J.: 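Handing you a structure now.
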There are 2 protein chains.
Amino acid sequence: MESIDELMSTLIVELKRGTLVLSVLSQLRSPEYGYSLVQKLEEKQAAIEANTLYPLLRRLEKQGLLTSEWDTTENRPRKYYILSPTGKAVYEKLKEEWMQMSRQLALLLKEDDEDDTDRPVY
Amino acid sequence: MESIDELMSTLIVELKRGTLVLSVLSQLRSPEYGYSLVQKLEEKQAAIEANTLYPLLRRLEKQGLLTSEWDTTENRPRKYYILSPTGKAVYEKLKEEWMQMSRQLALLLKEDDEDDTDRPVY
DNA sequence: TGACTATAATGTATGTCATACAGTATATTA
DNA sequence: TAATATACTGTATGACATACATTATAGTCA
């Protein structure tokens, strides 16, 4: 049996897991490069590891949600990621899904603040 | 390249994935058996597959979050699952984590409803 | 000026877990 | 009596976050 902290850590990773794509897509309203995304999301308390982000970006590109372009005109080369029309559509849909799921889960969790009486289903 | 529907389906599974433990724990304020949990959660728009739930319950039991007891006194045998003190503590913590993450993500998604102007970080 | 750190990205291996598929047993229903 | 619902167990596969390793180079510091 593992420690509570390790368990919590794993559970939190899983909790966070599905939101990572959504978080990343939300920061791509304009072209961004990887490291910039890492920084932006960290600032907004939605941190993601580079080890996670880059494969995720590659995956999304492979799936057609975004495209990438190297910009070699500046001091150092950067690979910019741009949402495709498909990516935008998927983002909107995913956003709606999350909102819906979020509401449902909030209802489930809210039951704790109430009596233990059995309530009629919704 | 897969279809959008398949892609959305996968993304939604991932989105939902981390919330399953939380959903299940939320329904264990009193002892419940597996099939009953499946039904309750389905009613509350938080459906979970039996194939997912049972291994999940076994996992949680192994981790000490809950215990199980066979009730063979009724028409048919049922395995009841009971939150342990550890399980209750983990549930509360996970709940708080979710609320926090939820708020952060809502902020990220809310940016879409606003101008494309760069805003100061929080 | 060389060493160290930050920037920026790629690749491999491992761990976690949802789902597909297969199955068991028995109470209930058509 | 056959089909369906109830209730649960087990194996295999797919998806992906993270740990670990690495490359390259611009910027900073002693």
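Worth saying up front: this structure is predicted, and the values here are computed from it rather than measured. Chain letters run A, B, ... following the sequence lines, proteins first and then strands; every chain starts at 1.
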J.: State whether A:Arg76 places a side-chain N or O below 4.0 Å from either non-bridging phosphate oxygen (OP1 or OP2) of C:dT7.
T.: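 For C:dT7, neither OP1 nor OP2 has a side-chain N or O of A:Arg76 closer than 4.0 Å.
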J.: Can you tell me if A:Arg78 touches the phosphate of C:dT7, counting only side-chain N or O atoms and a distance under 4.0 Å to OP1 or OP2?
T.: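 So the side chain of A:Arg78 is outside the cut-off, no N or O lying under 4.0 Å from OP1 or OP2 of C:dT7.
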J.: Side chain of B:Thr10: nearest nucleotide among D:dT9, D:dA15, C:dT10?
T.: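 The answer is D:dA15, which lies nearest to the side chain.
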J.: Side chain of A:Ser23, backbone of A:Thr19: donor and acceptor closer than 3.5 Å?
T.: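 Pair found, side chain donor or acceptor close to backbone of A:Thr19.
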J.: The side chain of A:Asn75 lies closest to which of these nucleotides: C:dT10, D:dG27, D:dC8?
T.: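 Minimum distance to the A:Asn75 side chain belongs to D:dG27.
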J.: If only side-chain N and O atoms of A:Tyr54 are considered, is one of them under 4.0 Å from the OP1 or OP2 phosphate oxygen of C:dT10?
T.: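 Checking A:Tyr54 against C:dT10: no side-chain N or O falls below 4.0 Å of OP1 or OP2.
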J.: Quick check: does any side chain N or O of B:Ser84 sit under 3.5 Å from a backbone N or O of B:Gly64, one acting as donor and the other as acceptor?
T.: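 It does hold such a pair.
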J.: Go through residues 15-25 of chain B and report each residue with a non-hydrogen atom lying under 4.0 Å from DNA chain D, sorted by number.
T.: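 Per residue number, the list is empty: none.
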J.: If a pair satisfies salt bridge (Lys or Arg N to Asp or Glu O under 4.0 Å) and one of its residues is in residues 65-91 of chain A, list it, with sequence neighbours excluded.
T.: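 Those involving residues 65-91 of chain A do not exist here.
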J.: Please figure out whether B:Tyr35 or B:Pro55 has its closest DNA chain D nucleotide nearer the 5' end.
T.: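 Nearest-nucleotide comparison on DNA chain D picks B:Tyr35.
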J.: Take the protein atom CD of B:Glu42 and the nucleotide atom P of D:dT6, then report the distance between them rounded to whole Å.
T.: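 It works out to 11 Å between those atoms.
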J.: According to the salt bridge (Lys or Arg N to Asp or Glu O under 4.0 Å) rule, which pairs have a member within residues 15-28 of chain A, sequence neighbours left out?
T.: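 The answer is A:Glu14-A:Arg17, A:Arg17-B:Glu14.
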